[in-house]
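Structure record follows, encoded as C-alpha cells.
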Amino acid sequence: MSERYEAEQIEAKWQQRWIDADIDSTCDDPDDARESYYCLVMFPYPSGNLHMGHVRNYCLGDAVARYKRMNGFNVLHPIGWDAFGLPAENAAIKHHRPPAEWTYANIDQMRTQLKRLGLSYDWSREIATCRPEYYRWEQWLFTRLMEKGLAYQADAEVNWCDPCHTVLANEQVVDGVCWRCDTPVIKKNLKQWFIRITDYAEELLADLDKLSGWPEKVVGMQRNWIGKSSGAEVSFRLEGSDETLDIFTTRPDTLMGVTYMAVAAAHPLAQKAAESSLDLAKFIDECSRISTKEADIETMEKRGMPTGFNAVHPITGASVPVWVANFVLMGYGTGAVMSVPAHDERDHAFAKKYDLPIKQVIKPVEGDWDIDAAAFTEAGELVNSAQFDGSDSVAAKQSITQWLSEQGKGCERVQYRLRDWLVSRQRYWGAPIPVIHCDDCGAVPVPDDQLPVELPTHLQPTGGASPLVDCHDFKHADCPKCGKPSVRELDTFDTFMESSWYMNRYTSPRCDTAMVESSAMQRWAPVDQYIGGVEHAVLHLLYARFYHKLMRDAGLFSTEQGGDEPFRNLLTQGMVLKDGTKMSKSKGNTVDPKAIIERFGADTARLFTLFAAPPEKELEWNDAGVEGGHRFLKRVWRLLEKLKEQHDGEDDAAAVKALRFTIHSTIQRVTHAFEHGFAFNVAIAALMELSNALQAFEPKGEAGSAACREGIEVLATMLAPFVPHFACEIGEAIGMREMAIVSQWPSVDESALEQNEITIAVQVQGKRRGEITIAKDAGQDEAMAAARADASIAKWLENMQVVKVILVPGRLLNVVVKPA
RNA sequence: GCGAGGAUGGCGGAAUUGGUAGACGCGCUGGUUUUAGGUACCAGUACCUUUGGUGUGGGGGUUCGAGUCCCCCUCCUCGUACCA
C-alpha cells in the first residue's frame, strides 16, 4: 500500500481481482437459499459515449445492488443495449457504413467505459436488442397478438415526421413536435400496424393502484395519459334524415340544456355540408391547416360555422343547429359534442360569440347564478328539465342515461384518452414486422419455424426511404398459407417494442426455446428496484407495463410467477445539469465522464454523483465539488496512519465511548438511507462525519486502538457500495478477512448506543439558553436542578415564577415562566 | 386553466414523531508548511446595532415549543390540456 492514494492503479488492480473471483455473476442455482433481488437500471442506447446521466443512473443502481449483496441477497443486476434506432441510420448515412457496424463498435466502446466505472454487472447476461436471438421473440409474440386480434393493420390518420421519414406513436409526439428531432408532425392517412393497448386501458389504470413503490408523480402522469372519463353516448337524429349524430358527454345531466351541436372539421357531417357551401369548405380547410402545436391551440380563437344541418333533441324533440367548431377534435370521442352553454365554459363562450341561446337546466342548491354572465359548472338541482326537474344533478346523470337507454337513444359509456399503440415505422434499422402480404390471403403472420425474420445487416441507408424497399432478397417471400409468391412487410417495429420486455428477458437471456423461462420469471420477476430517468414516465413505462400483461396473457408466466406489473419499485433520477441547464453538445456545457475518471478515478466520479444531490433531484455539476469528493477519499486514506503505531497508555474511556457511539449511530443512519428512499447524499455525509470523528480521535491504548480499527473497518465496509475499489483497498490495508464488497453489512451494537449521561438543550420561554448534561433517565426535578446550577441558564430564571416545565427525554428541557 | 412538487446561509443541500435550524460538502476569510503557485493541514464562516437581538418566500393562526401542522397570499419548477 502506497503512501499516496493512486486511484487508477488501485481500480485496475481490484477490477482484475473481481473478475478472477467471479464476484458479479448472478447465481441461478435453484439450491441457492438466498433471497433474490432484482435491481435494474434503464439500458442505454449505444450512442458511442457514456454521458453523465448514464453515470448517475448506473452509480445509483450499483450502490443498491452492492448493498443488497452485502445483506445476503442473491442479486440480479444486468445490463444490455437498446440497440435499434434512428441515430444508427443517421450515422450510417454520414459515415457510409452500415448501421450494424456503427452500433456494434459503439457497444464495444461503451462496454469498456462501463467496466472502467467498476459497476457490478453480470456481463454474461448482456443483451443487444438488434440481435436476431432477441427480436425473434418479439416477432413471436407479435404473431400471437395477430392471432388474438390484438395486433391489427388499419388505415388511420397518423403522425408523420418528415425528417425522420416515419410515423410516430401518439406518445412520441411531444407538444406537437417529434420527440427526436423537434420538427412539427404532419397528419397523414396511412395503413399502419397497431397494438390494441386500449383493450388493456382498464387494467393499466386499475393496476396503477398496486404501484405503491412508484413516485406518485409518475402514477399521476400515467393516469392522465390513459384519461378515463365516464359518461354517456347520446344519439341525436338528424332532421329530415334517418342518420344520427352520436356524441359522448360526461354530463348527461345537462342534456336538457343543449342548444346546439358542434362537430370537428374532419367529421363526415362537416365534410358533407362543405360540399354545398364554399364558405364552409374554406373554413374547414383552414381548420385542418392549423398546426397541432399546443402553443397555437392555447391562443387559438374559438371559431365556428353552421353546417345547415339540424339535430333533433332526444327528449324534447326540439330542433338544434349543428355547427362546425375548430375546438372539437376528431380524435377524441366521436368527433362531435352536444353543447350546453349554460353549464360548460367553452360552450358558453362560443354561444356568446355567435349569439346562440343559453338554457339553464341546473341551479345552485343555494343562492342565485347569473347564467348569462358565466357558465354554472358545479353540481346542483335540475330545472327546466321536464320530468327530471328537482332531482340532484349527480343522480340525474344516472336517471337521464337510463331513460335514454330505455328509449334506444343512448347508453352509458366510458371513454379513454389512450389510443392504440402505433408500432410500425418506415425505417430500416429496426426489428422486421413478421408478416407476409399475400394477394389472396392478406397479411399472414410468419410461422414460428420461420422466425426470426432476420433483418439484412449489410444495407446502406441513403436518407430517403428504407433500403429494405429495394432489397429483393428480403422483400420476396412465399405466402406461408398458400405458397404464392408474396412480399414481406417492409416496415419495422417501433424501438419501444424492444425496450418493453428486456427486463423480463434478462431473467433467462440465453433461452432459445421461449421468450422467457417461467421458472426464471418466478425467481426474479418482477424487478424489485428499477432506476432511470423520469422522461420515460409515460412512453417506456406504460408500454413495458402493457407488454408485461401481454406476455402474461400469452401464457409465458402466470401472475404468481411474474406478477401483473413489471416493476415493483421505481426511482426516477433527476437530470445532470451544468450551469443550471441540461448538458448538451450544442450549448458546449458537457462534462465528459472519461475526463473525470482519468483525472480523479472512477471512485471519485461515483462518490460525487451520489453525494451532490438527492437521487430524484437535479444534480448541478460542480468541478470543485468533485475535488471535494476526492479530498474526502484522501482523508480516509490518511486515517490508516492511526493504526500504524502501538499505544500502551490509558485511553479516556468517555472518548472511546463517544467514538463507538458515532460508529454505531452512523451504521444506523447509512442503513436507513438504503432502506428508505436511497438518500445517498445523506448517507455519504454521515460517512464523512464518521471519518471526521476518527480523524479527531487519538488512541492512547488498546481500547482506543480497537475502537479506531473498528471505526475504519465499518467505514470501509459501508463505503463499499459507493466506492468499491477504494473500500477494498482500505479493507485489505487494515487486514479485513474478506474483500470489503463481499463483507457482511455491519450491524448496530445497541450497547454502543446506550448512554448514561446525555446533553440536552435548555429553553426558557421556548428560546434556547444553554445546555445541561444529566443522567439518561433523569426526571424533571433533576433536570431543573441542573439548569439552575448553570449560571448562564439560571440568570433567565431569576425573579421568575416557574409556570410549567416540559422535559422531552433525550431532547430538551423547556421552562415556562412569568414574572414573580 | 387543471394536477403535482417546491421556496432553508454566498452555493449544493441536512433536519424520524412538532423538540438544539443550517449536518455534510463547496466557496470564502485567516493561519501553518512551501522559494513561489498549487497541494496538504489548522481555525473561523446564517445575519445584526453582540451582557443581547433577528432568522427557514410573505401574512395570520394552533402550541410550552413550528422549517415541520392549519388558513390566506406571492413566486418558481415539472407534467398536462379546447378530452366534450
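Computed from a predicted structure; not experimentally measured. In the text below, chain A, chain B and the rest are named by the order of the sequence lines, each starting its count at 1.
Within 4.0 Å of A:Val815, counting heavy atoms only, lies no atom of the nucleic acid at all. Across all strands, A:Val816 comes closer than 4.0 Å only to sugar-phosphate atoms, never to a base (heavy-atom distances). Among the heavy atoms of the strands, none lies under 4.0 Å from A:Arg223. Among the heavy atoms of the strands, none lies under 4.0 Å from A:Gly220. Using a 4.0 Å heavy-atom cutoff across all strands shown, A:Asn692 reaches sugar-phosphate atoms only and no base atom. Contact annotation for A:His676: no contact, since no heavy-atom pair falls under 4.0 Å across all strands. Within the 4.0 angstrom heavy-atom criterion, only backbone atoms of the sugar-phosphate kind lie near A:Trp796; the bases stay farther away.
A sub-4.0 Å separation between OP1 or OP2 of B:rA84 and a side-chain N or O of A:Thr334 is absent. The side chain of A:Arg635 contributes no N or O atom lying less than 4.0 Å from OP1 or OP2 of B:rA40. Not one side-chain nitrogen or oxygen of A:Asn814 sits closer than 4.0 Å to the OP1 or OP2 atom of B:rU63. Regarding contacts with the backbone of B:rC26, a side-chain N or O of A:Arg631 is found under 4.0 angstrom from either OP1 or OP2. Considering only side-chain N and O atoms, A:Arg346 lies under 4.0 angstrom from the phosphate OP1 or OP2 of B:rC83. For the OP1/OP2 pair of B:rA14 and a distance below 4.0 Å, the side-chain nitrogens and oxygens of A:Asn681 include at least one atom meeting the criterion. Applying the 4.0 Å criterion to OP1 and OP2 of B:rC83, one finds that A:Arg251 has every side-chain N and O outside that range. Here A:Lys767 does not reach the OP1 or OP2 of B:rG65: none of its side-chain N or O atoms lies under 4.0 Å away. OP1 or OP2 of B:rG52 lies within a sub-4.0 Å distance of a side-chain N or O belonging to A:Lys795. Look at A:Arg769 and you'll find a side-chain N or O under 4.0 angstrom from OP1 or OP2 of B:rG53.
With rounding to whole Å, A:Glu345 atom CD is found 10 Å from B:rC83 atom P. One can place CZ of A:Phe327 at 18 Å from P of B:rA81, the figure rounded to the nearest angstrom. We find that CG of A:Asn326 is positioned 13 Å from P of B:rC83, with the value rounded to whole Å. Spacing between atom CD1 of A:Ile758 and atom P of B:rG19 amounts to 16 Å, rounded to whole angstrom units. Per the geometry, CZ belonging to A:Phe600 stands 13 Å off C1' belonging to B:rC26, to the nearest Å. We find that NZ of A:Lys582 is positioned 12 Å from P of B:rC78, with the value rounded to whole Å. The CZ atom of A:Phe248 sits 12 Å away from the P atom of B:rC83 (whole-angstrom rounding). B:rU80 atom P lies 16 Å from atom CG of A:Leu329, rounded to whole Å.
With salt bridges taken as basic N to acidic carboxylate O contacts below 4.0 Å, one links A:Asp209 and A:Arg223.
The aromatic rings of A:Phe674 and A:Phe680 sit tilted relative to each other, their planes meeting at an angle between 30° and 60°.
Among the nucleotides B:rA23, B:rC82, B:rU20, the one closest to any side-chain atom of A:Glu689 is B:rA23. Picking from B:rC41, B:rA81, B:rC78 the nucleotide with the shortest atom distance to the side chain of A:Lys217 gives B:rC78.
Using modelled atom types, one finds a donor on one side chain and an acceptor on the other under 3.5 Å when comparing A:Thr759 with A:Thr773.
B:rU77 sits 40 Å from B:rG52 when the C1' atoms are compared, rounded to a whole Å. Rounded to a whole angstrom, the distance from the P atom of B:rG60 to that of B:rG55 is 11 Å. With both ends at atom P, the span from B:rG31 to B:rC24 equals 25 Å, rounded to whole Å. Across B:rC26 and B:rU33, the matching C1' atoms stand 24 Å from one another, rounded to whole Å. Only the C1' atoms considered, B:rG9 is 15 Å distant from B:rG44, to the nearest whole Å.
Remark: A:Arg4 is not positioned above the aromatic ring of A:Trp637, lacking an NZ or CZ atom under 6.0 angstrom from the ring centre and at most 45 degrees off the axis.
Between the base of B:rU17 and the side chain of A:Arg811 there is a donor-acceptor pair shorter than 3.5 Å. Not a single donor-acceptor contact under 3.5 angstrom links the side-chain atoms of A:Lys804 to the base of B:rC64.
Proximity of A:Ile760 to A:Glu771: side-chain heavy atoms (C-beta onward) are nowhere separated by under 4.5 Å. Side-chain contact check for A:Val337 versus A:Thr249: every heavy-atom pair is 4.5 Å or farther apart.
Heavy-atom distances to RNA chain B give each of A:Leu812 and A:Asp347 a nearest nucleotide, and the one nearer the 5′ end belongs to A:Leu812. Nearest-nucleotide positions on RNA chain B for A:Ile760 and A:Ala686 put A:Ile760 closer to the 5' end.
With its glycosidic angle more than 90° from 0, B:rG38 is assigned anti.
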